[in-house]
There are 2 protein chains.
Amino acid sequence: MSESELSGGAVRGKNRGKSAKARAERHEALANLLAAEIQSGALSPGQWLKQIDIEERHGAKRMDVRRALDRLVQKRLVVHLPNRGYHVFKPDGRLAQEIRAVRVILETSAVDGIVARAREEDIAQAMRLARHFEALLLNGTAIDLHDANIAFHEHLLGLCGNLELAALVKELRGRISSAVAGQWQKRSRIEQSNREHLAMVEALAARDTEALRRLVGEHIQQSAE
Amino acid sequence: MSESELSGGAVRGKNRGKSAKARAERHEALANLLAAEIQSGALSPGQWLKQIDIEERHGAKRMDVRRALDRLVQKRLVVHLPNRGYHVFKPDGRLAQEIRAVRVILETSAVDGIVARAREEDIAQAMRLARHFEALLLNGTAIDLHDANIAFHEHLLGLCGNLELAALVKELRGRISSAVAGQWQKRSRIEQSNREHLAMVEALAARDTEALRRLVGEHIQQSAE
DNA sequence: ATCTTTGATATTGGCGCCAATTTCTCGCAT
DNA sequence: ATGCGAGAAATTGGCGCCAATATCAAAGAT
């Protein structure tokens with residue numbers, strides 16, 4: 001098997017200076033980028049994702065595009081039709097409702113752990129994140145608000161002590177954020193979310209489990225339309 | 001190897017019958033096959049999955065192997081180390097405990113919907129599945145018992161009215177089934193599970209929500225070691 | 001004798017090319 | 001004019017080849 005005669009010493013294909021790790025995680029980075037674009041609404045539901053477009057737009061290689069799209073299929077963010085291509089998943093109303101119900105179950109159940117484990121500095125951090133969201137109310141982009149909202153909720157959920165639960169909710173949130181991509185079109189709703197964030201932090205600071213549980217449940221259901 | 005050589009025929013286009021679909025889903029079938037091997041314990045945790053071995057063993061192409069392995073990474077069944085390869089994920093004790101906790105939350109929350117929606121025929125079917133499990137107590141293989149157990153629980157959960165919740169629990173169960181692959185080694189535990197199945201059906205038939213909730217929670221926690 | 005270095009081997013991973021398939025376009029017959 | 005169908009263009013998907021990297025083995029140095 002070792003008849004590797006290096007014929008023609010011509011140096012072909014110059015290797016890039018990229019590290020191996022960067023290469024290995026390139027498709028993952030692309031998948032996250034596309035996921036963010038979908039969740040932020042930059043890519044609208046139903047839209048076709050042509051491999052060549054992504055390839056050129058993000059300067060990625062064909063293989064990375066394929067693996068990234070395949071990963072998004074796993075995450076149920078895009079749909080794959082063989083020999084037709086990939087398109088952004090158009091969430092069903094029923095699906096969104098069911099996922100919201102699951103989120104209510106998980107996140108309200110997590111409240112006990114959150115209240116039990118939250119230290120003063122954790123609460124202070126939660127307050128900082130809530131205020132950061134508030135600060136973006138005036139002159140923040142939709143994506144900024146989205147990120148700040150995610151950061152707040154992930155911090156809170158991370159306090160519950162069950163990393164799997166937190167990861168699961170994160171995944172679920174990403175699955176329907178595209179469905180309700182336009183949920184923050186109305187400023188009144190953003191402001192309402194902000195008030196609820198602050199109320200949640202207050203309830204946490206007061207160690208009021210029941211109040212926090214109620215607020216969390218309402219906060220999730222509030223995003224329904 | 002010539003596949004579709006349409007000689008002299010004016011028929012073109014519409015050849016979407018099965019060959020194309022079979023190709024498109026080949027990697028998915030391989031992924032499911034490998035997942036089953038992992039969950040059944042045929043592939044032990046930590047074991048390296050060399051691409052060439054899988055390729056030859058299952059008569060698959062390299063690409064399908066890669067895609068299947070990548071999919072299993074998404075499912076958290078295998079771990080990928082760049083330039084090192086893929087190996088079967090070795091579940092952590094903490095992870096298993098956290099997933100069990102999430103399952104308790106979800107499945108006990110599903111009880112309300114189950115009791116509310118279960119018709120008499122659904123209960124009868126649950127009883128059939130429980131008895132099928134019982135019938136396998138004596139001369140059924142571990143895999144038979146595993147499948148029968150899955151069938152029982154999936155039927156029950158399917159009654160809750162939230163398809164996403166059911167799918168989520170199914171995924172979670174598959175994620176730690178490898179961890180506790182040897183959970184049915186002790187006959188006493190199998191018999192205990194069987195008794196709990198029957199008790200759950202009884203509670204459902206009696207529409208006793210609280211009893212069913214308690215049984216479900218205990219049944220999940222009981223599988224801990 | 002043991003540790004280090006260096007070469008050999010095995011395995012993974014990236015990339016380009018072309019076939020398979022679908023979609024588009026335009027000519028043709030009715 | 002319109003429906004039909006064949007060729008053309010575009011897109012996806014499969015596959016082999018070779019480079020990059022890790023692992024193994026053996027020779028050499030201290």
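Throughout, protein chains are lettered first and strands after them, A, B, ... in sequence-line order, and every chain is numbered starting at 1.
Between C:dT12 and B:His80, no contact under 4.0 Å exists linking OP1 or OP2 to a side-chain N or O.
B:Asn149 and B:His197 share a side-chain donor-acceptor pair at under 3.5 Å.
Regarding A:Ile54, its CD1 atom lies at a distance of 12 Å from the P atom of D:dG13, rounded to whole Å. In this entry the distance linking CZ of A:Arg84 with C1' of C:dT21 reads 11 Å, nearest Å. Whole-Å rounding puts the A:Tyr86 OH to D:dT12 C1' distance at 9 Å. Summarising the geometry, the separation between CG on A:Asn83 and P on D:dG14 is reported as 8 Å, rounded to the nearest angstrom. Atom CD1 of A:Ile52 is separated from atom C1' of D:dA10 by 8 Å (rounded to the nearest Å). Whole-Å rounding puts the A:Glu55 CD to D:dT11 P distance at 11 Å. In this entry the distance linking CH2 of A:Trp48 with P of D:dT11 reads 13 Å, nearest Å. Distance, B:Gln51 CD to D:dA22 C1': 14 Å, rounded to whole Å.
Counting only heavy atoms from C-beta on, A:Met63 has its side chain closest to C:dC15 among C:dC15, D:dT11, D:dG14. If you check D:dT11, C:dT12, D:dG13 against the side chain of B:Lys50, the one that comes closest is C:dT12.
Judged by atom type and distance alone, A:Arg62 does not reach the base of C:dG16 through any side-chain donor-acceptor pair under 3.5 Å. Looking at A:Arg67, its side chain has no donor and acceptor atom pair within 3.5 Å of the base of C:dG14.
Residues B:Arg76 and A:Glu164 are paired through a salt bridge, judged by an N-O separation under 4.0 Å between the basic side chain and the carboxylate. No salt bridge links A:Arg67 with A:Asp70; every basic N to acidic carboxylate O contact stays at or beyond 4.0 Å.
Within the 4.5 Å cutoff, no side-chain heavy atoms of B:Val78 are placed close to those of B:Leu43.
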